[in-house]
There are 2 protein chains.
Amino acid sequence: MMSSVPPRRRIPEATVARLPVYQRSLTELREGGVATVSSEQLADLAGVNAAKVRKDLSYLGSYGTRGVGYEVEYLLFQMNRELGLSQDLGVVIVGMGNLGQALANYGGFGERGFPVGALVDTDATKVGNVVHGHTVQHLDDLEDIVGKGRIRIGIIATPVEAAQNVADLLVGAGVESILNFAPTTVHVPEGVTLRKVDLALELQILGFYQHRDAPDAAVEA
Amino acid sequence: MMSSVPPRRRIPEATVARLPVYQRSLTELREGGVATVSSEQLADLAGVNAAKVRKDLSYLGSYGTRGVGYEVEYLLFQMNRELGLSQDLGVVIVGMGNLGQALANYGGFGERGFPVGALVDTDATKVGNVVHGHTVQHLDDLEDIVGKGRIRIGIIATPVEAAQNVADLLVGAGVESILNFAPTTVHVPEGVTLRKVDLALELQILGFYQHRDAPDAAVEA
DNA sequence: GGTTGTGAACAAATTCACAGCG
DNA sequence: CGCTGTGAATTTGTTCACAACC
């Protein structure tokens, strides 16, 4: 059944990173009962400019109507299809320290199609505990956990020292996408997608601009 | 006292975002007793390529030695000066839910020069609680808290509905740098630096590439 | 010889500006 | 007339490649 597949342009990385933002804004609009939206309005909701919105959306196809805007429902449907929202991707969180526990308790993942399927640690005082409805399992069982739980994404919330090893184990267990919260560089083989979130680093970037705008603040009082 | 200020090139944003990564790698090297490092080695530690390292470092000045590499200690000193590590910038965390509490307990901020100076919420069951040595204060007192605590950075860890209001209050209280964890767009006036971290969004980006590489996975069993 | 520092070439991303169409 | 869609222009970022230098 040869359905007419959309053009399949190659979507630039910068655009991919913004699509979920538009998706979120569109979802809000729909919930507010809004039927159509212009690139300008959507831009404002997403915190970017209108030209960028139009360019980004154009990679998905020509789903707008000139003189009118975009139909919220329809655009959202196309966007969900492109982002693959239809399928849920199970997540395993490795490392049940403060951050890992907070992530496990964070409702936002499941809501957006990424159900937390398993929690893992190595600490005997943590293994067996129940966090947000999941029993914490041991890292040694990772391969099983990933295989049986249909886990597709691994989150590293371990201390720095453990991060690379955990990444290796995740890859060995068949995980192809990793989100690393440990403030260190981890290397993964070709074909595995890695993203990182470094909380303190974000503050350092903010700090740089403060320092830059007022370079003598250090001297004050 | 007209000291010889360094050249003050304008450092590109992309470079600014990588400097803290190099800084971290250099700190590890120093702790390991390593005296000099080549751009190639540093690149590997930071997870980028050597040309980028050299270009990035060149914005700080010419601190390497041809044929040898960079003196770790000296480069680190220069980098810390540029990043403004000398001064500590106090942080207030607004929103003491799971994430806010985890951030409050996260040691990494203080270690890197961003001591958590205050915790804030509006929920009567949370105000007055002690988290990681800080008594949670009420949002109504934000202006005082920021002023007296010499707070320079605000972290928003509230639900979506509260985020914009909190941002406004932070700006009103004199905060010039904001890190937003609420999964929504917030607007700030010119002159205020805003960065965002959206945890579920990172998963969505990872999910996009999985979906893209195996677009029919949804159909599988 | 080995490695930096940097112009020049290239690539990616953003913004402009306007033709095209509803 | 209004707003999209998109080529073209511009800006930003990356990589190359090699002269300069230790």
Side-chain angles (χ1 to χ4, degrees), chain A residues 6-22 25-26 29 34-76 78-79 82 205 208-209 212, chain B residues 6-22 25-26 29 34-76 78-79 82 205 208-209 212:
Chain A
R8 283 287 137 173
R9 300 160 181 74
R10 171 159 190 80
I11 304 183
E13 268 189 52
T15 296
V16 170
R18 283 187 297 265
L19 290 181
V21 180
Y22 302 141
S25 302
L26 288 167
L29 287 171
V34 177
T36 54
V37 65
S38 69
S39 59
E40 190 114 24
Q41 292 171 296
L42 190 50
D44 188 53
L45 288 170
V48 301
N49 70 44
K52 208 182 268 181
V53 168
R54 291 200 299 276
K55 191 63 121 182
D56 285 341
L57 295 183
S58 77
Y59 293 110
L60 305 182
S62 292
Y63 297 137
T65 308
R66 288 160 203 251
V68 179
Y70 302 87
E71 204 199 316
V72 171
E73 187 72 46
Y74 183 56
L75 182 55
L76 198 44
Q78 295 298 344
M79 185 155 313
E82 194 74 38
I205 296 170
F208 172 83
Y209 289 108
R212 193 27 112 59
Chain B
R8 282 286 138 173
R9 300 159 181 75
R10 169 156 192 81
I11 304 183
E13 268 190 53
T15 296
V16 170
R18 283 188 296 264
L19 291 180
V21 180
Y22 302 141
S25 303
L26 288 166
L29 287 170
V34 177
T36 53
V37 65
S38 69
S39 60
E40 190 114 25
Q41 293 170 295
L42 189 50
D44 188 54
L45 288 171
V48 301
N49 70 45
K52 209 182 267 182
V53 168
R54 292 200 297 276
K55 190 65 115 180
D56 284 341
L57 295 184
S58 77
Y59 293 110
L60 304 183
S62 293
Y63 297 137
T65 309
R66 289 161 202 252
V68 179
Y70 302 86
E71 203 197 318
V72 172
E73 186 73 45
Y74 183 57
L75 182 55
L76 198 44
Q78 295 297 343
M79 184 154 315
E82 194 73 37
I205 296 170
F208 172 84
Y209 288 108
R212 194 26 114 61

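By convention in this document, chain letters (A, B, ...) are assigned in the order of the sequence lines, proteins followed by strands, and residues within each chain are numbered from 1.
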Identify all pairs in which a protein N or O lies below 3.5 Å from an N or O of nucleotides 14-16 of chain D, and state each distance.
| from | atom 1 | to | atom 2 | distance (Å) |
| --- | --- | --- | --- | --- |
| D/dT14 | OP1 | B/Arg18 | NH1 | 3.0 |
| D/dT14 | OP2 | B/Arg18 | NH1 | 3.2 |
| D/dT14 | OP2 | B/Arg18 | NH2 | 2.8 |
| D/dT15 | OP2 | B/Asn49 | ND2 | 2.6 |

Identify each atom pair where a protein N or O and an N or O of nucleotides 20-22 of chain C are less than 3.5 Å apart, giving names and distance.
| from | atom 1 | to | atom 2 | distance (Å) |
| --- | --- | --- | --- | --- |
| C/dG20 | N3 | A/Arg66 | NH1 | 3.1 |

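Residue A/Glu40 contributes atom CD, which lies 14 Å from atom C1' of C/dT15 at whole-angstrom precision. Rounded to whole Å, atom C1' of C/dT3 lies 19 Å from atom OH of B/Tyr63. For the pair A/Leu75 CG and D/dT4 C1', the interatomic distance rounds to 12 Å; values are reported in whole Å. Whole-Å rounding puts the B/Leu57 CG to C/dT6 P distance at 11 Å. Rounded to whole Å, the distance from CG on A/Leu60 to C1' on D/dT6 is 15 Å.
Contact annotation for A/Glu13: backbone-only contact, meaning every heavy-atom pair under 4.0 Å involves sugar-phosphate atoms and none involves a base.
Judged as a salt bridge (charged side-chain N to carboxylate O under 4.0 Å, His left out), the pairs with a partner in residues 56-70 of chain B (not counting sequence neighbours) are, in order, B/Arg18-B/Asp56.
Direction change of the helix axis from one end of the helix from C/dG1-D/dC22 to C/dG22-D/dC1 to the other is 0°, with five pairs defining each end axis (rounded to 10°).
Qualifying salt bridge (Lys or Arg N to Asp or Glu O under 4.0 Å) partners for A/Arg54, counting only residues two or more places apart in sequence or in other chains: none. Applying the salt bridge (Lys or Arg N to Asp or Glu O under 4.0 Å) test to A/Glu73 and every residue at least two apart in sequence or in another chain returns A/Arg30. Here A/Leu45 pairs with A/Ser25, A/Leu29 under the side-chain contact (heavy atoms from CB on, under 4.5 Å) rule; sequence neighbours left out. Every residue meeting the side-chain contact (heavy atoms from CB on, under 4.5 Å) condition with A/Ala43, not counting sequence neighbours, appears here in chain and number order: A/Val48, A/Ala50, A/Val53. A search for side chain to side chain donor-acceptor pair (under 3.5 Å) contacts involving B/Gln78 returns B/Tyr63, B/Tyr74, B/Arg81, not counting sequence neighbours. Partners of B/Tyr209 under the ring pair (Phe, Tyr, Trp, His ring centres under 6.0 Å) rule, at least two apart in sequence or in another chain, do not exist in this structure.
When the shell of 6.0 Å around CD of A/Glu40 is examined, it contains 12 or fewer heavy atoms from other residues, nucleotides or ligands.
One finds the CG atom of A/Leu42 at 8.0 Å from the OH atom of A/Tyr70 (value rounded to the nearest 0.5 Å).
Taking the side chain as every heavy atom from C-beta outward, A/Tyr59 and A/Leu19 never approach each other to under 4.5 Å.
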